[in-house]
Number of protein chains: 2
Amino acid sequence: MISDTIRLLNDNGLRKTDCRLDVLDFLLSQEHAVTHGQLEAEFPDFDRVTLYRTLSTFEDKGIIHDVKDGSGATKYAVCKHGSCSEHGHDDEHVHFKCIKCEQVSCVDNVHIPHIPLPEGFRAKSKNLLVEGLCNNC
Amino acid sequence: MISDTIRLLNDNGLRKTDCRLDVLDFLLSQEHAVTHGQLEAEFPDFDRVTLYRTLSTFEDKGIIHDVKDGSGATKYAVCKHGSCSEHGHDDEHVHFKCIKCEQVSCVDNVHIPHIPLPEGFRAKSKNLLVEGLCNNC
DNA sequence: AAGCAATATGCAACAGTATTGCAATTTAGA
DNA sequence: TCTAAATTGCAATACTGTTGCATATTGCTT
């Protein structure tokens, strides 16, 4: 729904430009994390730099978060449950990457247990990438 | 010790070239994961492509593994305890990245517990990146 | 609805990471 | 010492991402 998109932009004090509306609408419709390259293919009329800046803006506001899945290109997905904002992102992310179709999705509601670190080390955030086969592969 | 280096190359059926000897010796001496760029600075006489290929060869043989820490450049560290080989790497890696000094190190002897995945998903490997402050920062 | 200041966009240029093809060199073994 | 196979260096190229700046658009004010 385009109204979700508009509300998200309004709530975050962002101007409603063509690029932001289209990109955010698209991101909200995706089941999997998407790369800048996919956005470029989806929206050839927007400049690639504008797409980069749009992603960056959304990330700064806590609307989306990035996923580093080791593929070389950063992927992005919409943040859920309002656990992120411009004041900081959720400090715990679990992502699943299928080794066959290479799709990446967020695994929600999973708590990563305490990891014993060497003396003097203090953890601030944790990022877990689980790789395997998804339900379609 | 250079003899550890030579033994590793021999055990993996790799020719003892200048580049491999120097790079592997260097990698064995490092506490933290290193990037290709660091190797380039350390060994300006070897071509950058050769360094890439050397890293790739070591990785294929299970001598080193890569660490994607989100910095843009892949880092590499020597595999411990012989849990890796050319038949496959250890399926569980925990790495710590200091948010201040940006050094990355392997956290050994930590088992990542079972992560509940949605119906139909099967995990093959897990990669956990913990970020925080190290004992020097 | 016209004007204005702040913001966003498009374009060009550039930086860093990584890969490929190919000719020349080096290695390990006969 | 000779040779085949493996390795290296070089050139070219692709991909990801960033920066500066002029132009266009947005949202607000009048």
Side-chain angles (χ1 to χ4, degrees), chain A residues 2 5-27 33-61 63-76 86 102 104, chain B residues 2 5-26 33-61 63-77 86 102 104:
Chain A
I2 202 77
T5 308
I6 290 178
R7 188 164 35 72
L8 262 173
L9 293 179
N10 279 337
D11 290 355
N12 286 282
L14 294 176
R15 290 186 174 182
K16 289 172 281 299
T17 66
D18 291 348
C19 184
R20 287 179 185 165
L21 287 165
D22 286 0
V23 169
L24 185 49
D25 199 46
F26 179 74
L27 288 173
V34 304
T35 62
H36 170 268
Q38 286 175 266
L39 290 179
E40 235 185 314
E42 187 75 19
F43 302 109
D45 291 346
F46 295 123
D47 190 82
R48 50 193 300 285
V49 176
T50 301
L51 292 173
Y52 273 118
R53 288 197 267 232
T54 298
L55 288 169
S56 172
T57 300
F58 289 168
E59 194 171 14
D60 287 348
K61 293 295 186 181
I63 299 173
I64 62 176
H65 64 274
D66 60 26
V67 188
K68 309 276 173 51
D69 72 342
S71 70
T74 304
K75 292 189 167 86
Y76 298 88
E86 65 187 309
E102 306 212 306
V104 173
Chain B
I2 204 75
T5 307
I6 291 178
R7 189 164 33 73
L8 262 173
L9 292 179
N10 280 337
D11 290 354
N12 287 282
L14 294 175
R15 289 186 174 182
K16 291 172 280 302
T17 67
D18 291 348
C19 184
R20 288 178 184 166
L21 287 165
D22 286 359
V23 170
L24 186 48
D25 198 45
F26 178 75
V34 305
T35 62
H36 170 269
Q38 285 174 267
L39 291 179
E40 233 186 314
E42 187 75 19
F43 304 108
D45 291 346
F46 295 123
D47 189 83
R48 46 194 309 285
V49 175
T50 301
L51 293 172
Y52 273 118
R53 288 196 267 232
T54 298
L55 288 169
S56 172
T57 300
F58 290 167
E59 194 170 13
D60 288 346
K61 292 296 186 181
I63 297 172
I64 63 177
H65 64 274
D66 60 27
V67 188
K68 309 274 172 52
D69 72 343
S71 71
T74 304
K75 292 190 165 86
Y76 298 88
E86 63 187 311
E102 306 211 306
V104 172

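Letters A, B, ... mirror the listed sequences (proteins, then strands); counts begin at 1. Only heavy atoms go into these numbers, but all of them, side chains included; no hydrogens, no water, no symmetry mates. Just so it is clear, the model here is predicted, and its values are computed rather than measured.
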query: Which residue, B/Leu9, B/Asn10, B/Leu14, forms the side chain to side chain contact (heavy atoms under 4.5 Å, CB included) with B/Asn12?
result: B/Leu14
task: Return the value, rounded to whole Å, for the distance between atom CG of B/Leu51 and atom P of C/dG16.
output: 17 Å
message: Once you measure the plane-to-plane angle for A/Phe43 and A/Phe26, does it fall in the parallel (<30°), tilted (30-60°) or perpendicular (>60°) bin?
response: perpendicular
field: Minimal non-hydrogen separation, B/Ala73 against B/Asp69, with atom names
entry: O-OD1, 3.9 Å
- request: With A/Val23 as reference, evaluate A/Thr57, A/Ile64, A/Thr54 under the side chain to side chain contact (heavy atoms under 4.5 Å, CB included) test and give the passing residue.
  value: A/Thr54
field: Whole-Å gap separating P (C/dG16) and NZ (B/Lys75)
entry: 15 Å
query: Between D/dG17 atom C1' and A/Gln38 atom CD, what is the distance in whole Å?
result: 17 Å
task: Figure out the CG/C1' separation between A/Asp47 and D/dT18, and round it to whole Å.
output: 13 Å
d(CG, A/Leu55; P, C/dA8) in whole Å: 15 Å
task: Measure across A/Glu102 and A/Lys75 and return the closest heavy-atom pair with its distance rounded to 0.1 Å.
output: O-NZ, 4.1 Å
- prompt: Taking atom C1' of D/dG27 as reference, at what distance in whole Å does atom CG of A/Leu21 sit?
  reply: 14 Å
- line: A/Arg20 CZ to D/dG27 P, in whole Å, measures 9 Å
- prompt: With the sugar-phosphate defined as primed atoms, P, OP1 and OP2, and the base as all remaining atoms, what B/S/- string results for nucleotides 17-30 of chain C, 5' to 3', for protein heavy atoms under 4.0 Å?
  reply: BBBBB-----BS--
query: Is the backbone N or O of A/Arg15 less than 3.5 Å from a side-chain atom of A/Arg20, with the two atoms forming a donor-acceptor pair by type?
result: yes
